Amino acid sequence: MAPWRIRATMDEIDVARRYAGHPTIFSVRLHHGGQFTKFPGRKYIKGKQNYVDLLDIDTFSIHDIDEMMEELGHIDSDETLLYYHFLRPFGDLDFGLFALGSDQDVHHLGTYVANHKVIDVYIEHGKTNLHTYSMSPNPSKVKIVEIKEPPACSKQLFLEWNDSPIEHESVPDLTEVENDSHLEKEPSLVDHIEFEMNVENEDDYDGSGHNNGSGNDEFDDDSESEDSDFFIDEDNLIHDVDVDMKDFHMNIDKDVEWVGGSESNVPEDTQQGDLEVINTEVLLSGSSSDEANDGKRRKTIRAIHRAYENDAALVSEPFYIFQTFSSSKDFKTQVKLHSIRTRREIQLEKNDKNRVRFVCKGTIPNLATNEEEKCPWVIYCSKWKRDIDWMVKTYTKEHRCLQTRKVKACDYKFLSEHIVQVIETNPKIPIRALREQLQREYQMDISHMKTFRAKQQALKHVQGDYASQYRLLRDYVLEVQARNPDTTVKIDVESEANPTVETRTFRRIYVCIGALKRGFAAGRRDFLGLDGAFVKGPYPGQVLSAVALDGNNGIYPLAYAVVESETLNSWTWFLSNLGDDLGLGTNSNFTFMSDRQKGLLPAIATLFPCAEHRYCLRHIHDNMKKNWRGKVFKDLLWECATTSNVQHFHQAMEKLKKLNNDAYEWLKQIPPQSWARSHFTGRAHCDALTNNLCEAFNSKIEDGRDAPIINCIEFIREYIMKKIVKVDKEIQKVVGPLTPTATTILDNIKSKAEQYVATFCGAGKYQVVGPWQDPCIVDVGQQSCTCKRWELTRIPCKHGVATIWDMGRNDKDVGIPESFVHPCYWLSSWKEMYSFKVSPINGRSMWEKSAIPTTLLPPKHRVPIGRPKKKRTISIVETEDFVRGNTASRAHRSVTCTKCNNIGHNARTCKGQRPIVGGGGGQSQVKGKWGKGRQPLDGL
């Protein structure tokens with residue numbers, strides 16, 4: 001016979017007092033025979049209520065509930081389908097329900113039994129509209145299983161853990177689910193499975209319900225127009241790995257605490273039964289005679305307090321008489337939360353050192369007499385002068401007033417504390433979307449400006465304050481240098497006329513990590529790309545970067561700096577520091593690639609006069625398109641740049657001269673040593689024509705450029721740290737003597753070399769002839785060819801490969817073509833380059849304090865002269881013709897007036913500007929204010 005009993009009524013207060021000394025005994029308020037209404041405001045309607053007492057959580061199981069249902073007449077066969085849920089104390093039916101279908105669920109219920117003696121259990125019959133049975137902390141490893149045996153389980157729906165990922169067969173076909181009428185009646189399970197499948201690829205989901213993955217988009221970036229703006233250098237494609245920086249966060253503010261990281265979020269210890277455990281974290285005072293004499297009195301007081309506490313718990317009240325608070329601030333915070341949850345305007349009436357009193361300012365309108373009655377809700381909390389804890393002395397819990405949608409307690413500070421997790425997950429969430437989410441959650445009118453302020457405050461908590469991080473910058477530098485030996489970090493400040501001032505204004509910072517120096521030296525490629533990118537935020541500036549190429553044509557960031565702007569002074573400071581780290585002098589034969597930024601050309605010419613400076617061909621083409629557009633000009637420019645010997649370069653230039661002499665003269669002014677392969681030297685072992693490596697790096701750090709100064713620098717360091725580890729993992733998978741990119745290039749060269757024949761001419765030289773009768777001279781000893789491709793890339797060209805094969809056929813021990821490739825392309829060099837790892841750093845609380853007595857201040861914000869521009873400057877690339885739908889668009893194109901032939905307006909808006917003489921058919925024609933067919937006055 002079961003020890004429990006089913007009752008129709010029960011004195012809950014008496015039960016709480018009787019069970020107070022028994023931590024495992026509890027009662028159940030059983031709701032059965034009804035159904036739940038829809039969310040929100042969920043209720044259990046058309047049901048009955050019974051009480052079951054004398055339950056022991058140590059022996060309680062799901063079978064007990066099955067027996068209760070059978071005794072109440074709800075189980076008449078083995079096919080009866082029932083769903084059990086229990087309500088968390090102080091919770092509501094919208095968010096407080098949990099599944100009760102397994103031993104783990106019973107264990108979850110047992111965590112509440114010690115302090116709450118009456119637990120609500122709800123029964124659903126036939127089907128469930130709740131998500132409690134489909135919730136899981138790890139949905140990717142959960143399998144939904146319907147258990148039909150044994151019959152005592154009543155066909156409960158369980159969550160069964162599976163160590164392996166979900167098999168394809170276990171996921172139902174969503175098409176069949178949508179077309180099945182009886183499954184449409186259970187939207188919770190279907191929606192849950194559909195959501196998991198839709199977000200399987202997180203990178204294609206932008207959080208707004210739209211998929212950003214690949215598809216047949218009308219404006220796909222891969223579909224190039226006939227006059228594409230991009231040059232595709234197949235031999236120098238940037239091969240880079242994807243580094244996930246979505247989880248980057250760095251909290252360096254001491255007053256900011258991450259959600260989920262505080263000790264208050266750790267669940268309370270569960271009951272240990274009769275086992276006595278000594279808590280070493282609590283300081284206990286020694287016993288005294290006074291305590292022994294007053295023990296009985298304190299026990300009585302505690303019993304009274306426990307009775308009031310249990311009484312409040314049974315009816316889900318946030319306050320009760322004799323409730324204690326550690327401070328008045330905690331009490332005010334709880335009242336503020338109560339005001340927001342109940343949507344009542346609660347006002348502070350008394351506030352001093354010992355007393356705090358709140359009253360409800362809501363009213364009860366009388367529509368018949370137009371009079372208003374005050375709400376009786378009131379709470380009073382005070383403390384004795386010698387006490388520390390505050391105690392509730394007066395509490396009238398009844399609210400008789402109407403709810404309101406404007407609560408003063410729901411300010412932007414409160415909202416910012418509750419959206420930290422949202423902002424941390426999606427810092428770029430729109431204000432409108434955030435506002436709608438808050439209004440649905442709190443059911444209040446929240447203004448756009450209040451939402452904006454709440455988001456800014458939450459961003460400050462997540463990212464840190466922009467101004468305060470400059471004071472901690474020196475501490476951060478010491479931590480980076482301590483964890484990464486041989487790291488160079490230099491901070492430049494504004495000059496101060498008074499040296500005794502205790503503050504200095506930040507100007508710029510330069511960072512070059514020691515592991516990157518050693519890795520760059522191991523790469524054996526003296527080639528660097530230089531570029532700058534804008535820094536956003538209240539203190540704008542520029543991020544200058546120096547990016548190298550590894551043996552697989554992947555980007556390898558070497559040094560970076562945050563400066564005030566791109567000027568001659570800032571570039572000179574950056575390059576001088578870079579030269580000191582790399583050991584470069586005025587006579588160093590180094591190669592730089594840039595976009596000809598402002599101040600960069602004279603800086604390189606001054607510091608490294610012997611260095612080779614290449615210009616990005618794409619930017620040259622952008623400047624060329626201002627006057628000469630079209631595919632013909634682009635193809636000729638590409639032909640001039642890609643030819644590998646001087647003779648072919650001059651032939652291509654002559655073609656351009658015949659097409660347009662002005663374009664030829666304009667291009668002739670740019671030194672060919674800076675943009676044409678025929679004039680490059682072979683010192684860099686690279687024939688790249690575009691600065692794509694810097695563009696790729698700038699796109700990777702875009703999310704960090706709008707963060708405060710320390711977060712911005714740390715974002716770049718963490719990206720480099722993760723990238724090195726990820727590339728190192730890819731290297732372990734590679735098999736062969738060369739890197740994958742070098743292997744692909746050499747394989748293409750070998751396929752072309754099949755058509756060439758090498759003839760030995762003596763003195764180590766060969767004449768190589770192909771099908772087009774274009775003989776070249778190859779010197780194997782010097783590893784050179786008159787086509788110059790071998791000298792540029794240090795990879796044997798097609799003529800060189802044909803020569804090596806011919807030498808092998810003539811019993812000459814020369815080895816395979818791979819042995820003639822420069823060591824910078826070897827797999828061993830690639831491994832050595834990424835064997836130097838960037839070390840992590842500690843959190844702000846463990847940073848060493850800087851001994852420098854001065855304090856860094858944020859840089860001065862320089863407002864530019866004139867009115868700020870509202871419209872973005874349109875690039876010449878964006879003015880090209882493109883297709884919109886099925887029509888050629890003329891967006892951003894200038895119109896020409898048919899009256900005066902001037903550009904910028906049409907005939908309708910012509911103001912009689914000075915006409916342009918000229919016309920078709922060789923006849924002079926004047927159009928303007930004189931009208932059509934009329935001649936101008938003499939002298940005009």
Side-chain angles (χ1 to χ4, degrees), residues 13 16-17 20 89-90 115 255 257 262-264 268 282-285 288 290-291 293-364 372-404 406-418 442 444:
I13 303 297
R17 292 174 179 175
F90 300 114
N115 299 321
D255 296 331
E257 186 174 334
S262 63
E263 296 180 359
S264 60
E268 297 180 358
V282 178
L283 179 63
L284 299 177
S285 60
S288 63
D290 293 337
E291 292 179 353
N293 296 333
D294 296 339
K296 185 176 180 179
R297 181 176 58 86
R298 288 200 305 269
K299 182 181 293 187
T300 304
I301 295 176
R302 284 197 299 267
I304 298 174
H305 291 185
R306 191 183 300 111
Y308 277 104
E309 181 180 356
N310 293 334
D311 188 11
L314 292 173
V315 293
S316 301
E317 281 292 336
F319 305 104
Y320 55 89
I321 304 298
F322 297 117
Q323 185 179 7
T324 58
F325 296 91
S326 59
S327 64
S328 62
K329 182 179 180 181
D330 293 343
F331 171 67
K332 295 175 184 176
T333 302
Q334 292 299 322
V335 176
K336 181 178 180 180
L337 292 175
H338 175 72
S339 175
I340 296 172
R341 290 170 180 170
T342 59
R343 289 187 291 155
R344 258 81 177 198
E345 187 59 45
I346 298 176
Q347 185 175 352
L348 184 62
E349 189 176 66
K350 181 179 289 294
N351 183 23
D352 55 29
K353 295 188 296 183
N354 300 319
R355 297 173 295 177
V356 176
R357 180 185 179 89
F358 284 94
V359 296
C360 181
K361 286 297 182 180
T363 57
I364 307 130
E372 293 182 349
E373 181 183 352
K374 293 184 178 180
C375 181
W377 190 94
V378 64
I379 189 170
Y380 172 76
C381 187
S382 64
K383 75 178 186 70
W384 294 101
K385 296 182 179 179
R386 297 180 180 180
D387 291 341
I388 299 178
D389 293 338
W390 291 66
M391 182 179 294
V392 177
K393 305 293 182 57
T394 303
Y395 178 47
T396 303
K397 60 184 179 182
E398 182 183 5
H399 271 294
R400 298 176 58 189
C401 59
L402 300 179
Q403 292 181 329
T404 179
K406 292 184 179 180
V407 178
K408 187 177 181 181
C410 187
D411 53 7
Y412 80 94
K413 294 181 179 179
F414 168 81
L415 296 176
S416 66
E417 296 174 358
H418 288 75
Y442 295 103
M444 295 184 190

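None of these values were measured; they are calculated from a predicted model.
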Spacing of CD belonging to Glu417 relative to OH belonging to Tyr412, to within rounding of 0.5 Å:
10.5 Å

Mind checking the CZ-CD1 spacing from Arg400 to Ile364? Nearest 0.5 Å is all I need.
4.5 Å

Quick check for you: to the nearest 0.5 Å, what is the distance between Ile379 atom CD1 and Ile346 atom CD1?
8.5 Å

Beyond-backbone contact of Cys360 with Cys401, side-chain heavy atoms, under 4.5 angstrom
yes

According to the salt bridge (charged side-chain N to carboxylate O under 4.0 Å, His left out) rule, which pairs have a member within residues 334-349, sequence neighbours left out?
Lys336-Asp411, Glu349-Arg357

To the nearest 0.5 Å, tell me how far Gln347 CD sits from Ser339 OG.
10.5 Å

Could you go step by step and tell me if His399 and Cys375 meet the side chain to side chain contact (heavy atoms under 4.5 Å, CB included) rule?
CA-CA 6 Å; His399 271 294; Cys375 181; 3.6 Å; yes

Contact between Tyr395 and Ile321 at the side-chain level, heavy atoms closer than 4.5 Å - yes or no?
yes

Can you say whether the rings of His338 and Phe319 are parallel (under 30°), tilted (30 to 60°) or perpendicular (over 60°)?
perpendicular

Closest non-hydrogen atoms of Val392 and Phe331, given as atom of the first, atom of the second and distance, are CG2-CE1, 4.4 Å

Could you state the interatomic distance from CZ (Arg355) to SG (Cys381), rounded to the nearest 0.5 Å?
12.5 Å

Would you indicate whether the side-chain heavy atoms of Asn354 and Asp352 approach each other to under 4.5 Å?
yes

Do the non-hydrogen side-chain atoms of Tyr442 and Val407 ever get within less than 4.5 Å of each other?
no

Mind running side chain to side chain contact (heavy atoms under 4.5 Å, CB included) on Phe322 and Lys393 for me, showing each step along the way?
CA-CA 6 Å; Phe322 297 117; Lys393 305 293 182 57; 5.9 Å; no

Point-to-point distance, once rounded to the nearest 0.5 Å, from CH2 of Trp390 to CH2 of Trp384
13.0 Å

Taking the side chain as every heavy atom from C-beta outward, state whether Phe358 and Tyr380 have any atom pair closer than 4.5 Å.
no

Minimum side-chain heavy-atom gap Leu415-Cys410 below 4.5 Å
yes

Would you call Lys383 and Asp389 a side-chain contact if the rule is heavy atoms closer than 4.5 Å?
no

